[in-house]
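Right, one structure below, let's go through it.
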Amino acid sequence: MGTDPWTADDPQTGDFDAELVTIDSAYVDRRDGDPQAKLRILDSVEGDDARRLERIAEARGNTPHEVVAELLRDADRPAA
């Protein structure tokens with residue numbers, strides 16, 4: 001049984017071809033990909049959570065965004 005491309009962590013080339021051919025070409029703008037492109041996600045941390053994040057960052061000698069980036073990288077690593 002295959003994986004569902006709509007919920008897969010890593011959709012593959014061709015997964016959405018059947019859906020894409022149903023779209024009216026008037027609504028499609030094709031562009032080459034940009035390998036240098038970056039994704040930026042803005043998040044808001046407020047109140048006690050913001051103060052906790054600032055304390056953690058200060059204790060580590062990092063900025064809050066460096067702490068969040070490290071947490072995200074750690075969450076993506078397999079468990080020991």
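Among Ile41, Ile56, Leu53, the single residue meeting the side chain to side chain contact (heavy atoms under 4.5 Å, CB included) criterion with Val68 is Leu53.
For Arg73 and Asp76, the salt-bridge test fails: no basic side-chain N is under 4.0 Å from an acidic carboxylate O.
Arg77 pairs by the side chain to side chain donor-acceptor pair (under 3.5 Å) definition with Asp74, not counting sequence neighbours. Scanning for side chain to side chain donor-acceptor pair (under 3.5 Å) contacts around Asp29 gives Arg31, with sequence neighbours left out.
Counted within 6.0 Å of CG on Asp32, heavy atoms from surrounding residues, nucleotides or ligands total 12 or fewer; the atom is thus considered open.
The shortest distance between side-chain heavy atoms of Asp17 and Glu19 does not fall below 4.5 Å.
For the residue pair Thr63 and Glu66, a side-chain donor N or O sits within less than 3.5 Å of a side-chain acceptor on the partner.
Between Phe16 and Pro5 the shortest heavy-atom distance is CZ-O, 3.4 Å. Annotation for Ala57 and Val67: closest pair CA-CG2, 3.5 Å, computed over non-hydrogen atoms. Looking at every heavy atom in both residues, Asp15 comes nearest to Gln12 through OD2-N, 2.6 Å.
By the criterion of side-chain heavy atoms lying less than 4.5 angstrom apart, applied directly or through intervening Ile, Leu, Val, Met, Phe, Trp or Tyr residues, Val21 is not grouped with Ile23; the two fall into different hydrophobic clusters.
Annotation: the span from Arg51 atom CZ to Glu46 atom CD amounts to 10.5 Å, rounded to 0.5 Å.
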